[in-house]
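We number each residue from 1, following the sequence as shown.
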Amino acid sequence: MDWDKLRVFHAVAEAGSFTHAGETLNLSQSAVSRQISGLEESLQVPLFHRHARGLILTEQGELLYRTAHDVFSKLAMAEVQINESRESPQGPLTVTTTVAFGSVWLTSRMKEFLVLYPDIEVTLVLADTELDLSTRQADVAIRMMPPRQADLIQRHLMTMRYQIFAAPEYLEEHGTPERPEDLDHHRLIVYGEDARTPLTNRNWLLEAGARPDNKRHAVLKVNSVYGIFRAVQSGLGIGALPEYMSRESGNLVEVLPELRGPNIDAFFVYPEGLRHSKRIGVFRDFLVGKIAEGEAQGRNGANNS
């Protein structure tokens with residue numbers, strides 16, 4: 001099989017259309033179509049069912065796609081390993097994590113990392129959906145749950161404890177709840193039904209200390225913890241947030257500290273094929289060091305108070 005045609009076939013199978021594959025490959029739609037037709041002629045089988053809404057792989061196309069996908073994944077890993085044979089960490093590093101953790105915690109620490117390693121070209125992809133590390137959509141991920149794929153290496157980074165916070169201006173206007181049942185009379189900000197979160201009881205704040213005969217209602221529902229964070233910061237109401245958000249913002253007040261919500265564990269995840277990557281190694285060690293610093297500062301602050 002012709003490698004160029006196979007590369008085009010793989011891109012079309014990934015994109016689901018000649019047009020989108022052409023944009024990825026910087027080829028015209030007609031050039032992509034000719035390459036696929038040539039590959040089908042050489043194999044003497046159709047690889048796609050063509051219809052008005054796009055392309056669907058045939059049974060033979062599925063077989064070829066799985067094989068090609070595996071081959072290109074291994075070639076991508078080989079390229080990385082060759083580049084990593086250089087003495088100092090350098091080259092591109094794509095990191096993906098959630099919008100909240102990336103926006104509030106990670107981005108503010110990238111300046112220090114890039115001063116230490118100026119030859120590493122970092123791209124941050126902040127999304128609440130998981131990118132496929134095996135196909136190199138990203139090199140490394142910081143995820144809020146253990147990976148489900150067996151070929152991924154994971155390291156536990158930190159445990160994020162949910163606590164209850166409000167902005168000072170909210171507490172000045174509405175008062176500070178002294179007991180859990182006082183939350184019945186406060187403006188609460190919670191997750192919406194379509195929120196992406198690993199929490200099993202996402203809206204425990206509506207239940208903590210509530211009387212059975214008095215169902216609490218939220219003043220605002222948001223589908224992301226970053227949205228809850230910004231709403232609490234604005235003084236709209238009281239919300240449950242991971243404790244690191246309070247440390248990063250510097251303007252939130254913990255209320256009802258005796259009430260502790262669920263925990264979320266963060267993991268540093270990357271493919272087995274990048275085990276010896278120097279870029280990933282130094283980035284992992286940098287994160288572990290910054291997390292340890294933050295935890296030590298948190299302990300010192302608690303002792304001083």
Side-chain angles (χ1 to χ4, degrees), residues 14 24 69-70 72-81 83-84 89-114 116-117 120-162 195-200 202 223-227 229 241-245 248 262-295:
E14 292 269 292
T24 301
H69 188 72
D70 185 52
F72 283 114
S73 294
K74 289 180 178 178
L75 286 173
M77 290 298 179
E79 182 181 5
V80 169
Q81 290 170 356
N83 291 334
E84 291 294 341
Q90 56 184 292
L93 177 67
T94 301
V95 180
T96 182
T97 190
T98 62
V99 174
F101 188 77
S103 301
V104 178
W105 192 90
L106 184 59
T107 52
S108 62
R109 287 160 175 81
M110 293 313 303
K111 177 182 178 182
E112 183 177 350
F113 177 76
L114 292 172
L116 292 171
Y117 303 101
I120 297 180
E121 305 157 17
V122 177
T123 298
L124 296 183
V125 181
L126 307 185
D128 292 330
T129 54
E130 291 188 1
L131 300 189
D132 189 348
L133 300 186
S134 66
T135 60
R136 295 295 308 285
Q137 288 184 324
D139 299 308
V140 62
I142 301 170
R143 291 182 176 166
M144 304 305 139
M145 62 177 65
R148 293 181 291 271
Q149 292 174 255
D151 59 341
L152 296 179
I153 297 173
Q154 61 173 307
R155 171 171 180 160
H156 183 267
L157 280 180
M158 65 193 309
T159 297
M160 304 177 186
R161 296 173 177 84
Y162 268 73
R196 289 181 174 270
T197 171
L199 294 176
T200 53
R202 66 182 65 181
N223 70 343
S224 76
V225 69
Y226 184 67
F229 168 68
L241 298 167
E243 59 184 344
Y244 79 86
M245 287 187 160
E248 293 301 308
N263 296 336
I264 291 181
D265 290 308
F267 296 86
F268 187 84
V269 183
Y270 56 98
E272 170 69 33
L274 297 180
R275 176 184 291 274
H276 302 295
S277 167
K278 293 179 181 177
R279 288 170 294 174
I280 289 179
V282 296
F283 185 63
R284 177 198 61 224
D285 294 345
F286 174 80
L287 293 182
V288 170
K290 301 314 291 181
I291 289 169
E293 284 181 17
E295 290 175 347

Task: Any Ile142 side-chain heavy atom under 4.5 Å of Met144 side chain - done: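 Of all side-chain heavy-atom pairs linking Met144 with Ile142, at least one is under 4.5 Å.
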Open item on the list: So Pro92 and Thr123, do their side chains get closer than 4.5 Å, heavy atoms only?
Closed with: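 A side-chain contact is absent here, since even the closest heavy-atom pair is not under 4.5 Å.
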How far does [atom1] of [X] sit from [atom2] of [Y], to the nearest 0.5 angstrom?
| X | Y | atom1 | atom2 | value |
| --- | --- | --- | --- | --- |
| Thr98 | Trp105 | OG1 | CH2 | 12.0 Å |
| Glu121 | Thr94 | CD | OG1 | 10.0 Å |
| Thr96 | Leu126 | OG1 | CG | 7.0 Å |
| Phe267 | Thr97 | CZ | OG1 | 13.0 Å |
| Leu106 | Phe101 | CG | CZ | 6.0 Å |
| Gln90 | Lys278 | CD | NZ | 9.0 Å |

What's the shortest heavy-atom distance between [X] and [Y], and which atoms?
| X | Y | result |
| --- | --- | --- |
| Leu152 | Pro271 | CD2-CA, 3.7 Å |
| Met245 | Val225 | CE-CG1, 4.0 Å |
| Gly91 | Arg279 | C-NH1, 3.6 Å |
| Thr107 | Ser103 | OG1-O, 3.1 Å |
| Leu93 | Ile120 | CB-CG2, 3.8 Å |
| Tyr270 | Arg275 | CE1-CA, 3.8 Å |

Taking side chain to side chain donor-acceptor pair (under 3.5 Å) as the test, write out the residues that go with [X], two or more places apart.
| X | answer |
| --- | --- |
| Asn263 | none |
| Glu248 | Arg109 |
| Asp128 | none |

TODO: Could you go through the side-chain contact (heavy atoms from CB on, under 4.5 Å) check for Val125 and Gln137 one step at a time?
DONE: CA-CA 9 Å; Val125 181; Gln137 288 184 324; over 6 Å; no
- [ ] Verify the ring-centre separation between Tyr117 and Phe283: is it less than 6.0 angstrom?
- [x]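 Aromatic pair excluded; centres sit 6.0 Å or further apart.
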TODO: Identify which one of Val288, Val269, Leu287 satisfies the side chain to side chain contact (heavy atoms under 4.5 Å, CB included) criterion when paired with Arg155.
DONE: Val288
Task: Qualifying residue for side chain to side chain contact (heavy atoms under 4.5 Å, CB included) with Arg143, from Leu157, Leu133, Asp265 - done: Leu133
